[in-house]
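First the structure, in the form of structure tokens, and then the observations on it.
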Amino acid sequence: MTEPIVLPEFSSFGDQTISGLDSPEEATAASQSVLQEARNSGRPRINDPGESHLTLHRGICREGAWYRDAEVRELTGADEEAFAAAGTSAPKVFETLLLRGTVRVGGEPMSPKVAAELLIGDREELVVAIRRATFGENLEFERLPCPQCGELVDLTVPLGALPSVSLEDPEQIEFEVPLRHGATAAVRLPTGEDQAAVLAIKSNAARRDSEILGRCVLSVTQPDGAVVRRPPAQTLKMADRQAVLRFLGDTQPGPRLNQFSFTHESCGEEVELPIDLAVLFRGL
Ligand SMILES: [Zn+2]
């Protein structure tokens with residue numbers, strides 16, 4: 001039997017801290033449908049639950065070909081010491097986990113370079129797989145107070161039941177986002193490298209948004225056909241900035257661990273239960 005988890009205070013999962021990317025309503029709807037699907041069919045992207053191999057959403061590109069297969073391994077005491085040395089910063093712990101727990105992506109051994117190339121969602125998919133290889137499929141919660149009725153709930157949540165988003169076309173690199181006044185933006189999805197650049201900015205959320213927009217907006221096309229390549233993020237209109245950030249957040253594939261919720265059967269209410277790194281790895 002696995003040990004029950006004591007719920008810590010929730011922070012964001014890993015380094016999923018890019019602001020402006022949340023959409024709670026859609027998330028709840030998505031988590032419900034995915035949960036239902038997972039109950040029926042299991043999570044489609046995991047080749048063999050409980051094992052150490054998985055298929056990523058996009059993977060890495062080498063000489064024009066995409067490689068999506070990846071291998072993770074069970075964590076050991078040596079890893080645990082490395083995590084302790086990484087300190088308490090969630091992004092640092094996440095990066096250490098990812099680098100140590102991932103064996104390879106495609107034919108390449110895991111490295112900081114490979115980790116930087118991967119989509120944010122692929123990085124999170126790997127960390128969930130490392131969790132599965134280390135502690136198994138189920139998250140166990142014991143005596144979790146229901147915020148709606150106060151009753152204490154025991155709950156088992158299979159990792160495969162957590163909400164997740166897939167890419168329609170794994171090889172689509174550029175996406176079009178409609179902007180105001182008939183303009184469109186061509187964008188790409190953020191990777192580990194983009195995320196690291198955003199996290200390096202400590203000052204404020206707007207500057208972080210500008211950093212991600214400056215990296216991921218490739219061009220803006222006006223209705224008259226005029227194209228501005230790599231527009232400075234500060235020149236984008238506020239509503240357009242938000243539209244692009246929302247698109248990037250909604251389209252990024254991967255687990256939506258901070259959007260998990262369940263229906264408490266006794267009271268019939270929906271209870272939000274965001275899952276973070278500490279819950280996944282038992283207080284790591
Ligand atoms: Zn309840």
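Every number for a ligand or one of its atoms is a count from 1 in the order of the listing. Bear in mind the structure is a predicted one, so any value in this text is a computation, not a measurement.
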Salt bridge (Lys or Arg N to Asp or Glu O under 4.0 Å) contacts in which one or both residues fall within residues 226-239, not counting sequence neighbours: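 Every pair satisfying salt bridge (Lys or Arg N to Asp or Glu O under 4.0 Å) with a residue in residues 226-239: there are none.
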
Among Val128, Leu273, Asp276, whose side chain to side chain contact (heavy atoms under 4.5 Å, CB included) with Leu257 holds?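 In the set Val128, Leu273, Asp276, the residue that makes a side chain to side chain contact (heavy atoms under 4.5 Å, CB included) with Leu257 is Val128.
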
Ionic contact status for Asp194 with Arg215, cut-off 4.0 Å: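 Salt bridge present between Arg215 and Asp194.
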
Electrostatic pair Arg188-Glu174, nearest N-O below 4.0 angstrom: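 Answer for the salt bridge query: no.
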
Quick test of your reading: applying side chain to side chain donor-acceptor pair (under 3.5 Å), list the pairs with at least one residue in residues 107-121, sequence neighbours left out, ordered by first then second residue.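 For residues 107-121: Arg62-Glu108, Arg62-Glu117, Lys113-Glu117.
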
Under-2.8 Å protein N/O/S neighbours of the Zn ion (ligand 1), ordered by chain then residue number: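 Near the Zn ion (ligand 1), below 2.8 Å, one finds Cys146 SG, Cys149 SG, His264 ND1, Cys267 SG.
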
Pair listing, ring pair (Phe, Tyr, Trp, His ring centres under 6.0 Å) test, anchored in residues 163-215, at least two apart: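 For residues 163-215, and leaving out neighbouring residues, the ring pair (Phe, Tyr, Trp, His ring centres under 6.0 Å) pairs sorted by first residue read Phe175-Phe247.
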
